[in-house]
> 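This structure is in structure tokens; I'll ask about it shortly.
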Amino acid sequence: MKDSLTVGVLGTGIMGAAMARNLLRSGHTVRAWNRTRARAEPLAADGALIADTPADAVRDADVVLTMLLDGPAVLDALRAAAPGLRPGTAWVQSTTVGITDVGELADLARQHRLRFFDAPVLGTREPAEAGQLTVLAAGPPEARAAVAPVLDAVGARTLWTGEDGSDGSATRLKLVANSWVLAATLATGEVLALAKGLGVDPQDFFDLVAGGPLDLGYLRAKAALVLEDRLSPASFTVTTAAKDARLIVEAGRQHGVRLDLAAAGADRFGRAAAQGHGEEDMAAAYFASFDGPPAP
């Protein structure tokens with residue numbers, strides 16, 4: 001295993017750009033591509049080589065890392081990257097995708113003789129920028145040493161969930177974890193909205209639950225974004241939360257589980273996005289409680 005790897009990074013949004021920077025800080029060579037090139041170009045100042053095409057980004061790469069919007073976007077990018085792929089290259093697939101998507105991606109990896117790792121991450125902008133993500137990973141034990149430097153650069157911890165990335169064990173755990181994250185975010189927005197509607201000072205609510213089992217650091221952190229009007233730049237956007245909520249609902253449906261709260265949450269995030277809050281932090285789902293701007 002080489003100390004310094006060449007990593008082709010496909011997708012340089014909030015998470016992908018942060019992961020690319022941590023790879024660069026760890027001494028790896030990064031070739032970055034993004035569908036909108038302007039979102040990749042700031043990485044040049046950190047030492048990344050900006051590629052015009054996915055094929056250019058992955059050519060001669062030891063590891064390919066994908067962090068895009070969803071499964072179809074990953075499929076499109078890897079198909080476009082095909083001319084630059086080498087058999088035996090490790091593919092770390094970190095985009096949050098649906099369970100069905102994992103099988104399609106693994107099939108594509110087999111077609112190109114890539115070593116496939118289902119490796120979504122838990123965390124948002126801040127832990128991504130600090131290299132403190134938790135990586136949920138499934139993949140062949142004999143190839144893990146090849147991707148360990150990449151996982152170590154972007155995360156503080158790697159939790160191995162299985163030996164075959166194609167079975168989606170890491171993605172399944174990620175969807176379960178995200179179901180809790182999104183539910184907590186939505187509950188925070190609704191409690192703030194109800195407090196406003198009833199004329200209750202939110203601080204009275206925080207004082208009421210302080211120090212007890214209902215008091216959560218996450219509740220306070222997301223509430224502060226709303227109360228202090230700090231929804232941009234987003235740690236995790238409303239649009240992405242809506243996509244993940246839909247994936248969670250579909251995963252449940254495929255396995256005979258009805259997820260009423262998640263389904264309502266997907267609608268709520270979608271409504272907030274339609275109101276113009278799509279690129280704000282997902283805490284902006286708060287605004288979905290109102291037909292227009294909330295009264296001061």
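This one's a predicted model, so the numbers in the text were calculated from it and none came from an experiment.
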> Taking the side chain as everything from C-beta on, heavy atoms only, tell me whether R31 gets closer than 4.5 Å to V7.
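When only atoms from C-beta onward are counted, V7 and R31 do not touch, as no gap falls below 4.5 Å.
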
> Please walk me through it: do D118 and D167 pass side chain to side chain contact (heavy atoms under 4.5 Å, CB included)?
CA-CA 9 Å; D118 176 29; D167 71 8; 5.6 Å; no

> Between the main-chain N or O of G139 and the side-chain N or O of R144, is there a donor-acceptor pair closer than 3.5 Å?
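Here the side-chain-to-backbone pair exists.
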
> In the single-linkage hydrophobic clustering (I, L, V, M, F, W, Y; side-chain heavy atoms under 4.5 Å), do V181 and L225 co-cluster?
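Different clusters.
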
> Show the nearest heavy-atom pair for residues W33 and A51, with the distance to one decimal.
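Heavy-atom minimum between the residues: CD1-O, 3.6 Å.
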
> Do E190 and T188 have side-chain N/O donor and acceptor atoms under 3.5 Å apart?
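Side-chain D/A pair, E190 to T188: absent.
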
> So how far is it from L247 CG to K174 NZ, rounded to the nearest 0.5 Å?
10.0 Å

> List the atom pairs, with distances to 0.1 Å, where a side-chain N or O of residues 104-114 and a protein N or O form a donor-acceptor pair under 3.5 Å, not counting sequence neighbours.
from : atom 1 : to   : atom 2 : distance (Å)
D107 : OD1    : R110 : NH2    : 2.3

> Quick one: does T171's side chain have a donor or acceptor within less than 3.5 Å of a partner on I99's backbone?
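No, the answer is negative, given that no donor and acceptor are paired below the 3.5 Å cut-off.
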
> Extract all donor-acceptor atom pairs below 3.5 Å that involve side chains of residues 284-296 and protein atoms in other chains or at least two apart in sequence.
from : atom 1 : to   : atom 2 : distance (Å)
S289 : OG     : R268 : NH1    : 3.2
S289 : OG     : R268 : NH2    : 2.6

> Examine V30 and I50 and state if one hydrophobic cluster contains both, with Ile, Leu, Val, Met, Phe, Trp and Tyr joined whenever side-chain heavy atoms are less than 4.5 Å apart.
no

> Are F205 and V191 close enough that some pair of their side-chain heavy atoms sits under 4.5 Å apart?
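Yes, side chains in contact.
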
> Please report the C-alpha distance between T6 and R59 in whole Å, then the side-chain angles of each, then the deciding distance to 0.1 Å, and finally whether the side chain to side chain contact (heavy atoms under 4.5 Å, CB included) criterion is met.
CA-CA 9 Å; T6 296; R59 189 165 284 112; over 6 Å; no

> Roughly how far apart are F236 CZ and R125 CZ, rounded to 0.5 Å?
12.5 Å

> Identify which one of T66, V74, L65 satisfies the side-chain contact (heavy atoms from CB on, under 4.5 Å) criterion when paired with L10.
T66

> Run the numbers on R246 and D244 for salt bridge (charged side-chain N to carboxylate O under 4.0 Å, His left out), then give the verdict.
CA-CA 5 Å; R246 291 191 296 270; D244 284 1; over 6 Å; no

> Any donor and acceptor pair, going by atom type alone, linking the side chain of R253 with main-chain N or O of R258 inside 3.5 Å?
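Side chain of R253 to backbone of R258, a donor-acceptor pair under 3.5 Å: no, none is there.
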
> Is there a path of hydrophobic side-chain contacts, each under 4.5 Å between heavy atoms of I, L, V, M, F, W or Y residues, that connects L259 with L261?
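In one cluster with L259: L261, no.
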
> Please check this pair: side chain of R86 against backbone of A61, looking for a donor-acceptor N/O pair closer than 3.5 Å.
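Confirmed, R86 side chain pairs with A61 backbone.
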
> Could you verify whether a donor N or O on one side chain and an acceptor N or O on the other, from T237 and T240, lie under 3.5 Å apart?
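There is such a pair between these side chains.
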
> Please tabulate, one pair per line, all N/O donor-acceptor pairs under 3.5 Å involving side-chain atoms of residues 146-162, not counting sequence neighbours.
from : atom 1 : to   : atom 2 : distance (Å)
T161 : OG1    : A137 : O      : 3.3
T161 : OG1    : S169 : OG     : 2.8
T161 : OG1    : A170 : N      : 3.2

> Step by step, would you call L122 with V135 a side chain to side chain contact (heavy atoms under 4.5 Å, CB included)?
CA-CA 6 Å; L122 195 61; V135 182; over 6 Å; no

> Roughly how far apart are M282 CE and T185 OG1, rounded to 0.5 Å?
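Result: 3.5 Å between the selected atoms.
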
> Checking side chain to side chain contact (heavy atoms under 4.5 Å, CB included) for the pair T89/V64: CA distance, chi angles, key distance, verdict?
CA-CA 7 Å; T89 299; V64 174; 4.0 Å; yes

> Restricting to non-hydrogen atoms, name the atom on G165 and the atom on V102 that form the minimum distance, rounded to 0.1 Å.
O-CG1, 3.4 Å

> Using a distance-only test with no angle check, is there a side-chain donor-acceptor pair under 3.5 angstrom linking S232 and E279?
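Side-chain D/A pair, S232 to E279: absent.
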
> If you round to the nearest 0.5 Å, how far is OG1 of T96 from CG of L69?
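Between atom CG of L69 and atom OG1 of T96 there are 10.0 Å.
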
> If we only count heavy atoms from C-beta on, is the L231 to H277 side-chain gap below 4.5 Å?
no

> Does a salt bridge link D281 with K222, judged by any charged N lying under 4.0 Å from a carboxylate O?
yes

> Judged by modelled atom types alone, do T36 and N34 share a side-chain donor-acceptor pair under 3.5 Å?
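Not at all, the side chains of T36 and N34 share no donor-acceptor pair under 3.5 Å.
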
> Is a donor on one side and an acceptor on the other found under 3.5 Å between the side chain of S235 and the backbone of T124?
no

> Charged N to carboxylate O under 4.0 angstrom, E41 versus R37?
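Salt bridge: yes.
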
> Are any non-hydrogen side-chain atoms of R25 and N22 less than 4.5 angstrom apart?
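They are in side-chain contact.
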
> Could you tell me whether R220 and D215 have a side-chain N and a carboxylate O separated by less than 4.0 Å?
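Answer for the salt bridge query: yes.
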
> State whether K243 and D70 are salt-bridged, where the test is any N-O pair (Lys NZ or Arg NE/NH1/NH2 against Asp/Glu carboxylate O) under 4.0 Å.
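No, this pair does not count.
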
> Check whether L24 and V9 end up in the same hydrophobic cluster, where Ile, Leu, Val, Met, Phe, Trp and Tyr are linked by side-chain heavy atoms less than 4.5 Å apart.
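Per the 4.5 Å side-chain linkage, L24 and V9 are co-clustered.
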
> Do you know which two heavy atoms are closest between M15 and M67, and how far apart they sit?
CB-CG, 3.8 Å

> Considering all heavy atoms of both residues, which atom of S4 and which atom of T29 are nearest to each other, and what is their separation?
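Residues S4 and T29, closest heavy atoms: OG-N, 4.4 Å.
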
> If hydrophobic clusters are built from ILVMFWY residues whose side chains come within less than 4.5 Å, do L136 and W91 share one?
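Hydrophobic grouping puts L136 apart from W91.
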
